[in-house]
Amino acid sequence: MLERSASARQEALDRRFMAAAIRLSRQHLGLTAENPSVGSLVVREVDGVPTIVGRGVTALGGRPHAELQALGEAGEGARGATIYATLEPCSHIGKAPPCADAIVAAGARRVVIATLDPDIRVAGRGVAILKRAGIEVDVGCEEVAAKRAMAGFLTLRAKGRPFVTLKLAVSADGRIGRVGAGQVSITGPIARRAVQIMRVEHDAVMVGVQTVVEDDPLLTVRLDGLAQRSPLRVVVDPLARTPLAARMFSERDCSRVLVLASAKAQARAVGRLRDRGATVETITSDYKGRFEPREILRHLGVRGVKSVLLEGGAETARRFLEAGLVDRIALFAAETVVGESGVAAPIAEDSVPPDFNQVGEESFGSDRLIEYERPL
Ligand code: AOF
Ligand code: ZN
């Protein structure tokens with residue numbers, strides 16, 4: 001009985017530290033290229049109290065890995081300690097020696113892992129190295145939460161395409177805007193700031209060219225201290241119609257703009273967009289110059305984009321939904337009423353496809369954010 005309560009206490013402690021490691025891992029979402037943003041902690045007893053003596057998150061650009069940094073901070077403190085890692089420590093020789101070997105060399109006693117690494121160079125070999133060295137290994141602690149935080153990496157590995165979040169702001173009468181009216185404020189300022197935080201955590205934001213023509217959005221992050229965290233801005237634009245006067249090009253911090261055009265686009269139009277500072281890439285389209293959503297995502301995946309925030313418009317959203325290529329829906333439900341002239345939302349609270357589960361609900365001022373996800 002006594003023993004069981006000790007192990008229950010240890011499990012609760014593990015969950016708490018792993019939750020902290022997951023929070024740490026979120027700090028570098030959107031900044032680790034094709035690598036996952038992993039969080040790692042080194043924990044040891046100091047005066048009888050489990051204490052964090054080292055922490056690490058995958059560095060900008062993807063390296064060094066989280067565990068190496070956590071071990072570096074802990075130094076000798078890692079001897080006999082417990083290592084928490086949101087992903088299985090790697091076993092392959094990349095730009096640095098494997099994290100699993102570094103953990104063995106540091107003399108850790110126990111390693112707690114949230115989820116195994118699907119990378120074929122690792123896939124269980126990290127655990128095997130640790131166990132062979134006599135280290136106690138526990139896998140599966142807070143696995144669901146860790147997988148959600150790493151959904152981009154896991155989706156790219158498993159499906160060869162980025163994880164897609166569809167963001168929608170829907171008025172009380174089921175509209176997302178008004179034709180020919182430019183940007184219409186559906187949600188309030190607090191919700192709009194929340195959207196910018198979502199941008200920070202994604203590798204790319206994406207819109208159809210019609211949204212650029214009608215709304216002329218910036219799609220950047222303008223929160224104090226986070227202006228450098230604007231993700232890659234992708235415009236789906238088969239005929240290279242993106243206006244050269246779009247605000248996207250005049251932004252001071254001018255994060256990168258990637259225009260995806262088809263072979264139907266005129267070379268002159270493409271050339272002008274390039275002169276304006278955009279990267280223009282050509283992807284396969286049908287005979288009318290239309291793209292398959294799957295082809296767009298495949299192309300972005302090859303570029304190492306692991307997560308995409310799809311921000312509009314209605315037609316683009318509908319096409320991704322129909323193709324079954326939306327993994328998560330972030331639906332802001334506002335109290336605003338747009339009226340008859342509004343553009344109908346592709347989905348609303350009462351028409352979310354049945355394979356999505358509601359995973360959260362939060363309030364931002366008078367707006368509500370309801371989040372839905374399909375099982376990974
Ligand atoms: C870890 N800790 O923090 C991360 C890991 O190209 P490399 O050598 O950097 O290896 C990339 C792979 O390493 C990546 O596909 C994933 O399997 C793993 N990422 N592993 O031990 C980390 N970011
Ligand atoms: Zn590693």
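Counting starts at 1 for both ligands and their atoms, following the listed order.
- Nearest protein heavy-atom contact of atom 12 (C) of ligand 1 is Asn35 OD1, 3.4 Å.
- In terms of N/O distances under 3.5 Å, ligand 1 is approached by Cys90.
- Considering every non-hydrogen atom in both Ile113 and Thr115, the closest pair reads CG2-O, 3.4 Å.
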Check against salt bridge (Lys or Arg N to Asp or Glu O under 4.0 Å), Glu136 and Arg109: CA-CA 6 Å; Glu136 184 188 335; Arg109 186 186 66 79; 3.4 Å; yes

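- Contacts of Glu34 with ligand 1, taken as heavy-atom pairs under 4.0 Å, are absent altogether.
- Of the protein's non-hydrogen atoms, the one nearest atom 20 (N) of ligand 1 is His65 ND1, 3.4 Å.
- A distance of 10.0 Å separates CG in Leu300 from CG in Asp203, rounded to the nearest 0.5 Å.
- Less than 4.0 angstrom separates some heavy atom of Cys99 from each of these atoms of ligand 1: 21 (O).
- Checked by distance only, ligand 1 and Ala66 come closer than 3.5 Å through their nitrogen or oxygen atoms.
- The shortest contact between atom 16 (C) of ligand 1 and any protein heavy atom is with Asp117 OD2, 3.3 Å.
- For ligand 1, the atoms lying closer than 4.0 Å to a non-hydrogen atom of Arg157 are 15 (O).
- Proximity of Arg110 to Asp14: side-chain heavy atoms (C-beta onward) are separated by under 4.5 Å at one or more points.
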Derivation of the side-chain hydrogen bond (donor to acceptor under 3.5 Å, both in side chains) call for Asn35 and Thr58: CA-CA 8 Å; Asn35 252 351; Thr58 308; over 6 Å; no

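- Closest to atom 23 (N) of ligand 1, if we only count protein heavy atoms, is Pro36 O, 3.1 Å.
- From the protein, the heavy atom lying nearest to atom 8 (O) of ligand 1 is His92 NE2, 3.1 Å.
- For ligand 1 and Pro89, the ligand atoms under 4.0 Å from any heavy atom of the residue are 21 (O).
- Atoms of ligand 1 lying under 4.0 Å from any heavy atom of Asp119, numbered from 1 in the order shown and given with element: 12 (C), 14 (C), 15 (O), 17 (O).
- Protein heavy atom closest to atom 2 (N) of ligand 1, with residue, atom name and distance, is Glu67 OE1, 2.8 Å.
- With rounding to the nearest 0.5 angstrom, the CG atom of Leu168 is 10.0 Å from the CZ atom of Phe332.
- Using a 4.5 Å heavy-atom cutoff, the side chains of Met198 and Leu369 are in contact.
- An angle of 110° is found at the Zn ion (ligand 2) between Cys90 atom SG and His65 atom ND1, rounded to 10°.
- Side-chain contact between Lys167 and Val195 is present, with at least one heavy-atom pair separated by less than 4.5 Å.
- Distance check, rounded to the nearest 0.5 Å: CZ of Arg290 to CZ of Arg319 gives 6.5 Å.
- Within the listing of ligand 1, atoms 10 (O), 11 (C), 12 (C), 15 (O) sit less than 4.0 angstrom from a heavy atom of Arg121.
- In this structure, CG on Leu71 lies 13.0 Å from NE2 on His65, to the nearest 0.5 angstrom.
- Between His28 and Ser37 the shortest heavy-atom distance is CB-OG, 3.3 Å.
- The shortest N or O to N or O distance between Val122 and ligand 1 is not below 3.5 Å.
- At least one N/O-N/O distance between Arg63 and ligand 1 falls below 3.5 Å.
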